[in-house]
Enquirer: 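Next up is a structure, given as structure tokens.
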Amino acid sequence: MAEVLVYVDHVDGAVRKPTLELLTLARRIGEPVAVHLGPGADTAATTLAEHGAVKVLTADAPEFADYLVAPKVDALQAAYEAVSPAAVLLPSSTEGKEIGARLAVRIGSGIITDAVDLEAGDEGPVATQSVFAASYTTKSRITKGTPVITVKPNSAAPEAAPAAGTVEQLAVTVAESSKGTKVVSRTPRESTGRPDLTEAAIVVSGGRGVNGAENFPVIEALADSLGAAVGASRAAVDAGWYPHTNQVGQTGKSVSPQLYIAAGISGAIQHRAGMQTSKTIVAINKDAEAPIFDLVDYGVVGDLFEVVPALTDEVKARKG
Amino acid sequence: MSLRIVVCVKYVPDATGDRHFAEDLTVDRDDVDGLLSELDEYAVEQALQIKEAADDDAEITVLTVGPEDANDALRKALSMGADKGVHVEDDDLHGTDALGTSLVLAKAIEKTGYDLVVCGMASTDGTMGVLPALLAERLGVPQVTQLSEVSVEGGTVKGRRDGDTATEQLEASLPAVVSVTDQSGEARYPSFKGIMAAKKKPVESLDLDDLDIEADEVGLEGAWTKVDEAAERPARTAGTIVKDEGEGGKQLAEFLAGQKFI
Ligand SMILES: Cc1cc2nc3c(=O)[nH]c(=O)nc-3n(C[C@H](O)[C@H](O)[C@H](O)COP(=O)(O)OP(=O)(O)OC[C@H]3O[C@@H](n4cnc5c(N)ncnc54)[C@H](O)[C@@H]3O)c2cc1C
Ligand SMILES: Nc1ncnc2c1ncn2[C@@H]1O[C@H](COP(=O)(O)O)[C@@H](O)[C@H]1O
């Protein structure tokens, strides 16, 4: 069976959930071979093997952390040359897309970004994408070279599928020309203790209607009662009420949770672009004409400062 | 020595319009009004600020690859304050994918001459966000991308990249390719004077021949990706909407419980 390279997104060996989704999708087209760069390969290998990786190619070099993106392209290219895979899959993160794009140029292949589903086809993998702010669904494939495809989080449910996951060292030479962009400093983001926005099963977002940073705890309290992540519209972010890392939409995160709750958000096209593929959508807005209501499974026309706290109390009461 | 800045700007269908696919499954550009991609306004703005910080010892060329109307995008950027435009236009470009576009942009950038290339974070129609990385790869220069803050001092470009897990301070020697996000600072509005001045600024028109690119390297035929199907997403079935008369929170909880979220 043909091998499929899967680029591993991890933090010191802790594999992030989108990578497990990639392994599940990769098994539809071939045998997943994971490429793990940086520290923690042994820890990662256990998880990767549980989800179907037949092999884990690993390399660690200071250059991966000291320079932006390009050294990782060198490493992925080395893996590509070692394996001659049927496809290369990467997570649709900023870095995943950049690495994939540069690899595609180097190996003379086409690239598809932001797939939301993937199946085997007669002429290679077929990728489903959601375009024009999720108003269209397309199916595409790559017609030249080895398909390089980046996949959005929440595109598949990770499945356990135990495989060997044999760890092998990958020989990587980082080119001088790949050391162009120095990472002078790196400040890790502080954890909020809440689930990651793009991975969460439930997201509760607040918009301009929240009317001030001091009111965002109202949104956070609902999120915490449901075990949800917190999102924000760009209006709320631009006003400085909530960090940009929590922005949902075209220029923020794209989320596709089981449940999305929008409070005080009008539902502009750029916001919809980042949440329209959520399974169930709920909105609370005092304006019955707000476009967000066109999307909802359940909507409440009312003041969020009345409805949200009441909902939070009710959730807590029911959960006991 | 003057700093040569090339800003890549894309002409896109208005995102608030009703966007569709044409019969050949390329983006229908006739249906909806086009404009300079809003995200590329941030790129023009940062280029202008870099020029101002260099005491105007810089020249900004705005570059677009696109149909005849894409000239509007160049004019907008010129009216914001860029110095000159380059428009790559050729019938054979219809249907070009990201790899093809990066080839054309790279050749045009080399022909124009550059120290710094500035891009937007993503186009508002394709939303791939890969062009800047593709350009860096093709031009063989550092990529300093997705910056929420950028500055040029001497021959060095510095910037801040706010990633998912960390904030990084980056640095590279020129020549380099940068891209800036919509967090980099509001773009200025063209002044009346700027709009008038833009009419007189030079725009050079180039075709594939001028760039030594063969027709089969680009366009729909040359594309390495193929869209087989495009279906309009079915409208979501109308949901239940209730007016809060004091019970809204409870009713919502009832719904969520029914869906097994609680
Ligand atoms: C290139 C570009 C990219 C963009 N990217 C994004 C993006 O990534 N994400 C994003 O979100 N936006 C994005 N935008 C901005 C987008 O167009 C909207 O401006 C933004 O989404 C509006 O945010 P909002 O819904 O919170 O604010 P508004 O549109 O002002 O809506 C606020 C809503 O709150 C309601 N409200 C007010 N008070 C209450 C109350 N007490 N109780 C209940 N409801 C109340 C109002 O009725 C209103 O509907 C982008 C725009 C551009 C041009
Ligand atoms: N046809 C084009 N002409 C000029 N610049 C472009 C073109 N397409 C993309 N770009 C630039 O590349 C950036 C990223 O685009 P994309 O990778 O298509 O999302 C944009 O913000 C522009 O700066």
Side-chain angles (χ1 to χ4, degrees), chain A residues 11 68-69 93-94 97-98 101-102 104-106 109-113 132-145 177 180-189 202 226 244-245 250-251 259 269-270 280 282 293 295-302 306-307 310-311 314-315 318-319, chain B residues 15-16 19 21 39 97-99 102 121 124 127-130 133-134 137-138 140-146 162-173 176 181-183 224-233 236 239-244 248-253 255 257 259 261-262:
Chain A
V11 180
L68 193 74
V69 175
S93 57
T94 300
K97 289 205 246 186
E98 291 179 339
R102 299 187 67 148
V105 171
R106 290 192 192 179
S109 292
I111 178 167
I112 288 176
T113 58
F132 292 161
S135 60
Y136 269 88
T137 303
T138 60
K139 287 193 192 277
S140 315
R141 66 202 152 78
I142 286 159
T143 52
K144 181 150 186 274
S177 58
T181 309
K182 269 195 232 89
V183 179
V184 181
S185 72
R186 178 178 287 116
T187 319
R189 213 166 290 295
I202 303 180
L226 291 163
H244 177 253
T245 38
Q250 187 189 355
T251 55
L259 172 64
I269 184 84
Q270 295 90 355
T280 299
V282 166
F293 285 126
L295 296 182
V296 298
D297 296 285
Y298 201 92
V300 178
V301 179
E306 303 286 337
V307 179
L311 174 59
E314 195 62 28
V315 173
R318 284 173 187 249
K319 285 195 167 173
Chain B
T16 56
R19 293 175 293 180
F21 279 91
L39 294 174
D97 65 3
L99 282 163
S102 70
M121 64 187 286
T124 55
T127 68
M128 293 178 77
V130 295
L134 290 170
E137 180 68 37
R138 290 202 189 268
V141 302
Q143 83 165 69
V144 197
T145 47
Q146 300 289 332
D162 292 321
D164 285 347
T165 54
T167 289
E168 295 165 329
Q169 293 290 343
L170 305 175
E171 202 175 293
S173 303
T181 71
D182 62 342
Q183 297 294 300
W224 296 356
T225 42
K226 187 165 184 314
V227 181
D228 288 322
E229 276 175 57
E232 211 157 348
R233 198 182 158 80
R236 294 184 78 104
T240 310
I241 295 178
V242 299
K243 196 167 178 322
D244 178 37
K250 272 217 171 72
Q251 286 166 291
L252 195 42
F255 169 78
Q259 303 283 316
F261 288 116
I262 317 178

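Bear in mind the structure is a predicted one, so any value in this text is a computation, not a measurement. As a basis for the values below, the full set of heavy atoms in this structure was taken, side chains included, without hydrogen atoms, waters or symmetry mates. Per chain, numbering begins at 1; letters A, B, ... match sequence-line order.
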Enquirer: So which part of T280(A) gets closer than 4.5 Å to some heavy atom of chain B, the side chain, the backbone, both or neither?
Expert: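 Answer is both: backbone and side chain atoms of T280(A) are under 4.5 Å from chain B.
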Enquirer: Counting heavy-atom pairs closer than 4.5 Å to chain A, which one of A257(B), A231(B), A15(B), G239(B) comes out on top?
Expert: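 The answer is A231(B).
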Enquirer: Report yes if the side chains of V301(A) and D244(B) come closer than 4.5 Å at any heavy-atom pair, otherwise no.
Expert: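 With C-beta onward as the side chain, the pair stays apart.
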Enquirer: If you define the side chain from C-beta out and look only at heavy atoms, does anything of M121(B) sit under 4.5 Å from T251(A)?
Expert: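 Yes - at least one pair of side-chain heavy atoms lies under 4.5 Å apart.
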Enquirer: Taking every non-hydrogen pair under 4.5 Å, which of G163(B), S173(B), G140(B), G129(B) racks up the most with chain A?
Expert: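 Winner by heavy-atom pair count: G163(B).
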Enquirer: Is any side-chain N of the basic residue among K139(A) and E229(B) closer than 4.0 Å to the acidic one's carboxylate O?
Expert: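 Salt bridge between K139(A) and E229(B), a charged N being under 4.0 Å from a carboxylate O: no.
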Enquirer: Tell me, please, which residues at least two apart from T240(B) pass side-chain contact (heavy atoms from CB on, under 4.5 Å).
Expert: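 With sequence neighbours excluded, T240(B) shows a side-chain contact (heavy atoms from CB on, under 4.5 Å) to Y298(A), V242(B), given in chain and number order.
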Enquirer: Of the backbone (N, CA, C, O) and the side chain (C-beta and beyond), which part of V282(A) lies under 4.5 Å from a heavy atom of chain B, both, or neither?
Expert: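 For V282(A), the side chain is the part near chain B, not the backbone.
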Enquirer: Please state whether the side chain, the backbone, both or neither of I269(A) comes within less than 4.5 Å of a heavy atom of chain B.
Expert: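 For I269(A), the side chain is the part near chain B, not the backbone.
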Enquirer: Heavy-atom pairs under 4.5 Å with chain A - which of T16(B), T181(B), T145(B) has more of them than the others?
Expert: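 Looking at each of T16(B), T181(B), T145(B) in turn, T145(B) comes out on top.
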Enquirer: Give a yes or no on whether a salt bridge exists between R189(A) and D164(B), defined as a side-chain N under 4.0 angstrom from a carboxylate O.
Expert: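 Looking at D164(B) together with R189(A), the answer is no, because their closest N to O distance does not fall below 4.0 Å.
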Enquirer: Not counting sequence neighbours, which residues clear ring-ring contact (aromatic ring centres under 6.0 Å, His included) with F261(B)? List them please.
Expert: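 ring-ring contact (aromatic ring centres under 6.0 Å, His included) check on F261(B) returns nothing, list empty.
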Enquirer: Measure V296(A) against the heavy atoms of chain B and call it side chain, backbone, both or neither at under 4.5 Å.
Expert: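 Interface part for V296(A): both.
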Enquirer: Between chain A and each of Q251(B), Q146(B), Q259(B), count heavy-atom pairs under 4.5 Å; write down the option with the most.
Expert: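 Highest number of pairs under 4.5 Å: Q251(B).
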Enquirer: Between K226(B), R138(B), M128(B), who has the most heavy-atom pairs with chain A when the cutoff is under 4.5 Å?
Expert: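 Greatest number of close heavy-atom pairs with chain A: K226(B).
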Enquirer: Check whether L226(A) gets within reach of chain B through its side chain, its backbone, both or neither, counting any heavy atom under 4.5 Å.
Expert: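 Only the side chain of L226(A) comes within 4.5 Å of chain B.
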Enquirer: Taking everything shown except K97(A) itself, do over 12 heavy atoms lie less than 6.0 Å from its NZ?
Expert: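 Yes, the 6.0 Å shell around NZ holds more than 12 heavy atoms from other groups.
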Enquirer: Hey, does the side chain of R236(B) reach the backbone of L295(A) with a donor-acceptor pair shorter than 3.5 angstrom?
Expert: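 Flag set: sc R236(B) to bb L295(A) pair under 3.5 Å.
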Enquirer: Is Q183(B) in contact with chain A via its backbone, its side chain, both, or neither, using a 4.5 Å heavy-atom distance?
Expert: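 Side chain only.
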Enquirer: Go through L99(B), T124(B), T167(B), I262(B) and name the one with the most non-hydrogen pairs under 4.5 angstrom from chain A.
Expert: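 Looking at each option in turn, the highest pair count goes to T167(B).
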Enquirer: Taking side chain as everything from C-beta outward and backbone as N, CA, C, O, which of these in I142(A) sits under 4.5 Å from a heavy atom of chain B? Side chain, backbone, both or neither.
Expert: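 Its backbone and side chain both get close to chain B.
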Enquirer: Is chain B contacted by the side chain of E98(A), its backbone, both, or neither, given a heavy-atom distance below 4.5 Å?
Expert: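 Contact with chain B: backbone and side chain both.
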Enquirer: If you tally heavy-atom pairs under 4.5 Å against chain B, which of D297(A), T113(A), T245(A) wins?
Expert: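 Heavy-atom pairs under 4.5 Å are most numerous for D297(A).
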